[in-house]
Protein chains: 2
Amino acid sequence: MTLPTQVKIVEVGPRDGLQNEVAVPTAAKIALINQLSETGLSVIESASFVSPKWVPQMADSSEVMAQISRRAGITYSALTPNLKGYELARQVNTDEVAVFGAASEAFTQKNINCSIDESLQRFAPVLEQAKADGVSVRGYVSCVLGCPYQGDVPLADVVKVAKALYQMGCYEISLGDTIGVGTPLAAQKMLTAVAEHIPMANLALHFHNTYGQALANISACLPLGVSIIDSAVAGLGGCPYAKGASGNVASEDVVYMLQGMGIECGVDLTKLAAAGREICQHLGHGPRSQVALALQAKEDN
Amino acid sequence: MTLPTQVKIVEVGPRDGLQNEVAVPTAAKIALINQLSETGLSVIESASFVSPKWVPQMADSSEVMAQISRRAGITYSALTPNLKGYELARQVNTDEVAVFGAASEAFTQKNINCSIDESLQRFAPVLEQAKADGVSVRGYVSCVLGCPYQGDVPLADVVKVAKALYQMGCYEISLGDTIGVGTPLAAQKMLTAVAEHIPMANLALHFHNTYGQALANISACLPLGVSIIDSAVAGLGGCPYAKGASGNVASEDVVYMLQGMGIECGVDLTKLAAAGREICQHLGHGPRSQVALALQAKEDN
């Protein structure tokens, strides 16, 4: 049991967050990413090059990537489900791309109408082209602690998909509790199983806070040595139509916890919370971050 | 490191929760406690016999205790800061009482205008009378992970107050992160220090979720063997005037986590969430429980 001394936060608010909120103006996205760039974050997932038919919230991804003010040392990444998306992403100088698999057969069928194996084959051209271009690819595995369609997801399936993506060339594998149903022991067990096949240094946790468990799950996994955490400023995400439904674990809450534990992540909490408050003005709800709310309440007093 | 197989939940919503919300009608409190009695909870802190000048929300404590429908096997407890409160509580058959100390010198001065040592002396008559009557007394220690006035609270002060209350006759010591600033390592360190002097079986965690850390802190402490958790249905509490400020950790979220970890607590989550939703109709805000919100969203779909 060794806590990491440093953790890399992968900020997914502008992508995984905003794709699950009501659509916001392009200028607001750009302002958000520019503000996040000033907080000390080193990776900002900024866009998604998917069909606007399926995800209209991300239809302006090319404009966003073209117009943000880039800061040296920050990786601005985007989701690219296929070669077409990859090419669009590269046209606007996306630094790093990501592909998105699921550990659940039922989820894969419902979501993209094919089997897990077929879905992996679809990524192959993206990984080949990225390799040729010298572009790093991140691999997501969703539904690692449960699936909205099939319920339980066998650990063996999580390991299989994570391993496949890693072997295909993804340098980092992000393990997603997409529906936020996991609890600490399950999270530890899952991470341990995957870490038998992929170095811990290449694994990230991507937990959603739907049932309030995300921070407890992250905290339970830190002593296993995991050092990459995905989170979204203001807890962006969830579902645009479910009142109060929580999305990604809030970056503010993760940063507060890490700082309290003496784990370095290089992020300025005050600036981060300010960025979260500003984007929320476009969303019709306040930050879904307890830290953001607590800091606000302190200021108001 | 041994996880407990069973955890006792001490439901503090009707007291610690509602005393920090806008006042609700007496009938609503009684309905809440009656509903909670049907969930499988074994301890419900139901009232507070403090001066109504200071805590007007609790002015109807005698009526509440007199009118609830008691269920065999459940302990209905109340806060009694002094002998007068104790006598009022006993007149309406309060099963168990509690006294409330703080580990912070500054907090004690600001809150009750005396030193920690003086505050402990004030509890002595309550403990003596309770002993003579064969009534169990719980001891709270607040500010165990931080204080709104002095900031850091030395571990030695937490240990001193916890030990004093235990030696004076409190059978159970509840360790309160009153302002919710703690993080997992600090929580573990604090619990470990206190457990060197008081058996772990007599220690409870009472964590607030102000900075979103409560569940992570509880989860971090469970492997140390702690088996009593204070929580409030719907996350009641916080501050009646601070928008979105979180109070006690939500009982629903704690129960969900424990069930996911295979730790028995005997509570029916569906009934618990229903009780939380009902009381929130009197509060002008929804449940501050992610589990409650997630269950509601599922029902609505």
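A note on names: the letters A, B, ... follow the listed sequences, proteins ahead of strands, and every chain is numbered from 1. Computed from a prediction, not measured in an experiment: that's the story for all the values here.
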Chain A: which of [options] shares the most heavy-atom pairs with it under 4.5 Å?
options	answer
Gly262(B), Ala216(B), Ser219(B), Pro287(B)	Ala216(B)
Ala294(B), Gly182(B), Ala214(B)	Ala294(B)
Ile179(B), Val181(B), Asp300(B)	Val181(B)

Discussion item. For Phe100(B) and Tyr140(B), take the angle between the two ring planes, folded into 0 to 90°, and tell me which bin it lands in: parallel under 30, tilted 30 to 60, perpendicular over 60.
Written reply: tilted
Worksheet item: Using 30° and 60° as the class limits, which term best fits the ring planes of Tyr149(B) and Phe107(B): parallel, tilted or perpendicular?
Response: tilted
Fill in: Shortest non-hydrogen contact from Met257(B) toward Pro184(A)
CG-CD, 3.7 Å
Practice prompt. Please flag which part of Asn217(B) lies under 4.5 Å from any non-hydrogen atom of chain A: side chain, backbone, both or neither.
Written response: neither
Worksheet item: What part of Lys298(B) gets closer than 4.5 Å to chain A, counting heavy atoms only: side chain, backbone, both or neither?
Response: side chain
Worksheet item: Have Ser231(B) and Asn248(B) got a donor and an acceptor in their side chains that come within less than 3.5 Å?
Response: no
Worksheet item: Would Asp177(B) and His208(B) count as having a side-chain donor-acceptor pair, cut-off 3.5 Å?
Response: no
